[in-house]
Structure formats: C-alpha cells, structure tokens
Amino acid sequence: QTQVQESGGGRVQAGESLTLSCTSSGIRINAMGWYRQAPGRPREWVASITSGGATNFADSVSGRFDISRDNEKNTAYLHMTNLQPEDTGVYYCKASQPRLGRPLLDIWGKGTVVTVSS
C-alpha cells in the first residue's frame with residue numbers, strides 16, 4: 001500500500017518562509033498536491049503538480065507559494081514565502097496513483113502543522 005509522509009512544518013513569524021516536503025513510497029505516482037486545513041475550517045486545495053511538472057495554485061497563495069517535485073526521490077515540495085497568519089493550518093500532501101479500469105487512487109498523508117504568528 002502506497003504511503004505518503006509530510007515534513008517541514010513549524011512556527012514562523014509573518015513574512016518568513018518555510019519549505020514542506022512530501023515523500024511517497026509508491027510507484028507510478030501521477031499528480032501530487034498540497035492542501036491545508038485551518039482550525040474550524042474545511043480542508044482547501046493549495047497547489048498541485050502533474051507528473052510532467054505542470055503546476056497550479058490557489059488564488060490565496062499565488063505569487064507566494066511554489067510547488068516542485070523530484071521524481072527520482074518520489075518527493076514533492078511546497079516552497080512558501082511571505083507567510084501570513086491566515087496561512088496557519090495543517091498542511092496535507094496527496095499523491096494520485098493510477099489504477100487499471102478505475103479512477104485514480106488518492107493517498108493522503110497525516111499532515112504537518114504550520115503556524116504563522118503576527
């Protein structure tokens with residue numbers, strides 16, 4: 001069973017930067033993405049990257065966050081700059097794995113906490 005694991009969360013002050021990592025144990029992973037969930041709020045999509053390197057970002061982080069991947073390491077990264085208090089939350093990684101004759105299998109990590117103080 002494929003597993004994913006996030007790392008790199010922590011506490012920073014507004015305006016500072018963090019880089020999160022997500023490593024997948026599976027093979028033939030297609031898209032990878034980052035999501036976050038603030039206390040009392042639903043989980044929201046942040047950024048995604050295809051197997052070919054095409055990226056997309058939520059409007060709330062566009063221009064501040066970047067996503068990249070290293071396919072040799074089965075790892076995706078979320079580079080966060082100019083962090084703001086509203087970026088606080090649990091950040092989750094999702095890896096999508098193809099299945100024969102069925103929809104992609106989405107595999108979630110357990111999350112890493114990012115706290116941004118003013």
Side-chain angles (χ1 to χ4, degrees):
Q1 180 74 14
T2 297
Q3 294 180 314
V4 298
Q5 186 171 56
E6 307 94 338
S7 62
R11 179 182 292 271
V12 299
Q13 294 179 306
E16 295 183 338
S17 302
L18 277 177
T19 296
L20 308 181
S21 299
C22 171
T23 298
S24 171
S25 65
I27 61 173
R28 296 184 59 81
I29 299 298
N30 285 354
M32 301 185 73
W34 288 96
Y35 298 73
R36 68 187 182 188
Q37 187 169 21
R41 297 289 186 178
R43 187 175 301 185
E44 64 175 346
W45 168 73
V46 174
S48 59
I49 184 168
T50 69
S51 60
T55 61
N56 284 286
F57 302 92
D59 289 342
S60 59
V61 305
S62 181
R64 298 188 297 118
F65 289 12
D66 193 22
I67 186 171
S68 63
R69 66 189 295 164
D70 184 338
N71 289 335
E72 293 184 356
K73 298 180 179 179
N74 286 332
T75 300
Y77 304 93
L78 185 67
H79 312 275
M80 305 182 293
T81 64
N82 193 24
L83 284 162
Q84 300 298 312
E86 54 264 36
D87 296 316
T88 293
V90 182
Y91 282 69
Y92 298 91
C93 178
K94 184 184 76 174
S96 298
Q97 188 173 47
R99 299 182 295 177
L100 181 63
R102 303 187 69 182
L104 294 173
L105 176 65
D106 292 334
I107 305 167
W108 294 86
K110 293 184 177 181
T112 185
V113 178
V114 173
T115 302
V116 185
S117 59
S118 61

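What you see is a predicted model, and the numbers here were worked out from it, not measured in a lab.
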Query raised in the report: Is the NZ or CZ atom of R43 both under 6.0 Å from the centre of the six-membered ring of Y92 and within 45° of that ring's axis?
Result: yes
Query raised in the report: Do R36's NZ or CZ and the ring of W45 fall within the cation-pi criteria of under 6.0 Å and 45°?
Result: no
Separation of [Y] [atom2] from [X] [atom1] (nearest 0.5 Å):
X: I49; Y: D66; atom1: CD1; atom2: CG; value: 8.0 Å
X: I67; Y: L78; atom1: CD1; atom2: CG; value: 6.0 Å
X: W34; Y: L20; atom1: CH2; atom2: CG; value: 4.5 Å
X: S48; Y: N56; atom1: OG; atom2: CG; value: 5.0 Å

**Report entry** Side-chain (R69) to main-chain (T50) donor-acceptor, under 3.5 angstrom
**Finding:** yes
Query raised in the report: Does the S60 side chain pair with the main chain of A58, one donor and one acceptor, at a distance under 3.5 Å?
Result: no
Query raised in the report: Residues in salt bridge (Lys or Arg N to Asp or Glu O under 4.0 Å) with R11, at least two apart?
Result: none
**Report entry** Contacts of D106 that satisfy salt bridge (Lys or Arg N to Asp or Glu O under 4.0 Å) - sequence neighbours left out
**Finding:** K94
Is [X] atom [atom1] crowded by more than 12 heavy atoms from other residues, nucleotides or ligands, each under 6.0 Å away?
X: Q5; atom1: CD; value: no
X: Q3; atom1: CD; value: no
X: R99; atom1: CZ; value: yes

Query raised in the report: Please walk me through it: do S17 and H79 pass side chain to side chain contact (heavy atoms under 4.5 Å, CB included)?
Result: CA-CA 8 Å; S17 302; H79 312 275; over 6 Å; no
So, for [X] and [Y], which heavy atoms are closest and what is the spacing to 0.1 Å?
X: S21; Y: T75; result: CB-CG2, 4.4 Å
X: F57; Y: A47; result: CD2-CB, 3.6 Å
X: S24; Y: M32; result: CB-CE, 4.4 Å
X: N30; Y: L104; result: ND2-CD2, 3.7 Å

Report task. Test side chain to side chain contact (heavy atoms under 4.5 Å, CB included) on S96 and I29 and set out the steps. Result -> CA-CA 6 Å; S96 298; I29 299 298; 5.8 Å; no
Report task. Quickly, which of D87, T81, N82 forms a side-chain hydrogen bond (donor to acceptor under 3.5 Å, both in side chains) with R64? Name it, please. Result -> D87
Query - side chain to side chain contact (heavy atoms under 4.5 Å, CB included) between Y91 and Q37, worked out - result: CA-CA 7 Å; Y91 282 69; Q37 187 169 21; over 6 Å; no
Contacts under 3.5 angstrom, residues 111-118 side chains, donor-acceptor by atom type, not counting sequence neighbours:
unit_1 : atom_1 : unit_2 : atom_2 : d
T112   : OG1    : G9     : N      : 3.1
S117   : OG     : V12    : O      : 3.4

**Report entry** V61 reachable from L18 in the ILVMFWY side-chain graph, under 4.5 Å edges
**Finding:** yes
Requested in this report: For the pair V46 and F65, evaluate side chain to side chain contact (heavy atoms under 4.5 Å, CB included) and give the outcome as yes or no after the intermediate values.
Outcome: CA-CA 9 Å; V46 174; F65 289 12; 3.8 Å; yes
**Report entry** E6 with K110: basic N within carboxylate O range, under 4.0 Å
**Finding:** no
